[in-house]
Protein chains: 2
Amino acid sequence: MDYIDVFKALSNETRLNILQWLKEPEKHFPKQGAHIPKEVSFKGGVCVGDIQEKAKVSQSTVSHYLNLMQKVGLLESVRYGQWTYYRRDEEGIRQLAEYFRTEI
Amino acid sequence: MDYIDVFKALSNETRLNILQWLKEPEKHFPKQGAHIPKEVSFKGGVCVGDIQEKAKVSQSTVSHYLNLMQKVGLLESVRYGQWTYYRRDEEGIRQLAEYFRTEI
DNA sequence: TTGACATATCGAGAAAAGTCGATATACTAT
DNA sequence: ATAGTATATCGACTTTTCTCGATATGTCAA
């Protein structure tokens with residue numbers, strides 16, 4: 001985990017918002033999971049389009065952001081059909097918190 | 001406290017190093033406090049020149065970095081004579097940790 | 001008051017990040 | 001096959017950050 005890159009990812013209001021919205025996906029994305037069938041379980045995942053709508057940036061920007069946040073370990077994703085669902089990578093975030101507590 | 005700016009400050013290897021070095025100033029800056037007289041107490045403070053030497057960036061860069069880190073609440077400083085001593089702002093860092101724990 | 005030193009500020013060029021529209025890819029339904 | 005939808009990638013332009021050398025400011029010692 002490259003912590004410099006994680007901090008860079010957190011250095012942007014939209015990305016920070018996304019991370020926080022995803023703490024309570026049902027609250028911030030009411031129609032969350034509309035397309036996902038019951039047999040696929042990816043609890044808390046929200047699709048790119050819903051995040052874009054709320055974040056109010058272009059589709060390409062939000063896609064880029066989500067990919068970036070996934071690469072640094074803040075989010076994880078699953079593709080189902082034409083949708084990609086993103087949710088918090090709680091293990092990565094736990095690791096970051098641990099680093100924070102011991103090294104910062 | 002503007003957390004975006006704090007994360008920006010942490011998004012740089014040199015600055016992150018400085019913050020970590022200052023956790024154990026005696027270890028990383030052996031001659032620490034050489035100029036500071038006993039009657040002035042600023043425990044753990046290290047002067048700009050010593051930090052520059054270790055960080056291996058230009059004097060103007062390190063001065064800029066330290067000022068930046070102070071502005072966002074990661075460091076605090078005191079001027080004594082021609083020297084400026086910097087140390088961690090433990091209260092600011094505590095606040096950041098609190099934000100981290102509750103919001104991230 | 002002059003000269004030496006520590007630090008801060010200024011100005012600038014280079015590198016990186018932000019952000020978009022256009023386009024490509026992948027999937028779905030007809 | 002075709003058209004429609006969701007997401008990803010590309011290319012480009014703009015804005016921000018990095019980093020430096022030069023210079024200014026403040027302090028101390030002679």
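Each chain gets a letter, A, B and so on, in the order its sequence line appears, and its residues count up from 1.
- Remark: the backbone N or O of B/A9 is paired with a side-chain donor or acceptor of B/R15 at under 3.5 angstrom.
- One atom, CD of A/Q52, and another, C1' of D/dA6, lie 10 Å apart when rounded to the nearest Å.
- Distance A/E53 CD to D/dT5 P: 15 Å, rounded to the nearest Å.
- For B/S63, the listed nucleotide lying nearest its side chain is C/dT9; candidates were C/dT9, D/dA8, D/dA6.
- Because its NZ or CZ atom is both nearer than 6.0 Å to the ring centre of A/F42 and within 45° of the ring axis, A/R87 counts as a cation-pi partner of that residue.
- Taking atom CG of residue A/D5 and atom C1' of nucleotide C/dA17, one finds them 12 Å apart after rounding to whole Å.
- Using modelled atom types and a 3.5 Å distance limit, the side chains of A/S60 and A/S63 yield no donor-acceptor pair.
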I'd like a table of donor-acceptor pairs (distance under 3.5 Å, sequence neighbours excluded) in which one partner is a side-chain atom from residues 17-24 of chain A, with atom names and distances.
unit_1 : atom_1 : unit_2 : atom_2 : d
A/N17  : ND2    : A/E13  : O      : 3.3
A/Q20  : NE2    : B/Y99  : OH     : 3.0
A/K23  : NZ     : B/T102 : O      : 3.0

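- When rounded to the nearest whole Å, the span between CD of B/E13 and P of C/dA15 equals 19 Å.
- The NZ-P distance, from B/K71 to D/dT17, rounds to 12 Å in whole Å.
- The distance from atom CH2 of B/W83 to atom C1' of C/dC5 is 8 Å, rounded to the nearest whole Å.
- Atom CG in A/N67 sits roughly 14 Å away from atom C1' in D/dC10 (whole-Å rounding).
- A heavy-atom distance below 4.5 Å is not found between the side chains of A/L68 and A/L74.
- Counting only heavy atoms from C-beta outward, the side chains of A/V78 and A/T84 never approach each other to under 4.5 Å.
- Here B/S11 does not reach the OP1 or OP2 of D/dT17: none of its side-chain N or O atoms lies under 4.0 Å away.
- The shortest heavy-atom contact between B/F29 and B/D50 is CE2-O, 3.7 Å.
- A donor and an acceptor atom, one from each side chain of A/S11 and B/S11, are located under 3.5 Å apart.
- Residue B/L68 contributes atom CG, which lies 15 Å from atom C1' of C/dT9 at whole-angstrom precision.
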Tabulate protein N/O versus nucleotide N/O from nucleotides 19-24 of chain D, keeping only pairs under 3.5 Å, one per line.
unit_1 : atom_1 : unit_2 : atom_2 : d
D/dT19 : OP2    : B/N12  : ND2    : 3.4
D/dT19 : OP2    : B/Y65  : OH     : 2.1
D/dC20 : OP2    : B/S58  : N      : 3.0
D/dC20 : OP2    : B/S58  : OG     : 3.3
D/dC20 : OP2    : B/T61  : OG1    : 2.9
D/dG21 : N7     : B/S60  : OG     : 3.3
D/dG21 : O6     : B/S60  : OG     : 2.8

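- Judged by distance alone, with hydrogens and angles left aside, the side-chain atoms of A/Q52 form a donor-acceptor pair with the main-chain N or O of A/V57 at under 3.5 Å.
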Between N or O atoms, less than 3.5 Å apart, protein on one side and nucleotides 25-27 of chain C on the other: list the pairs.
none

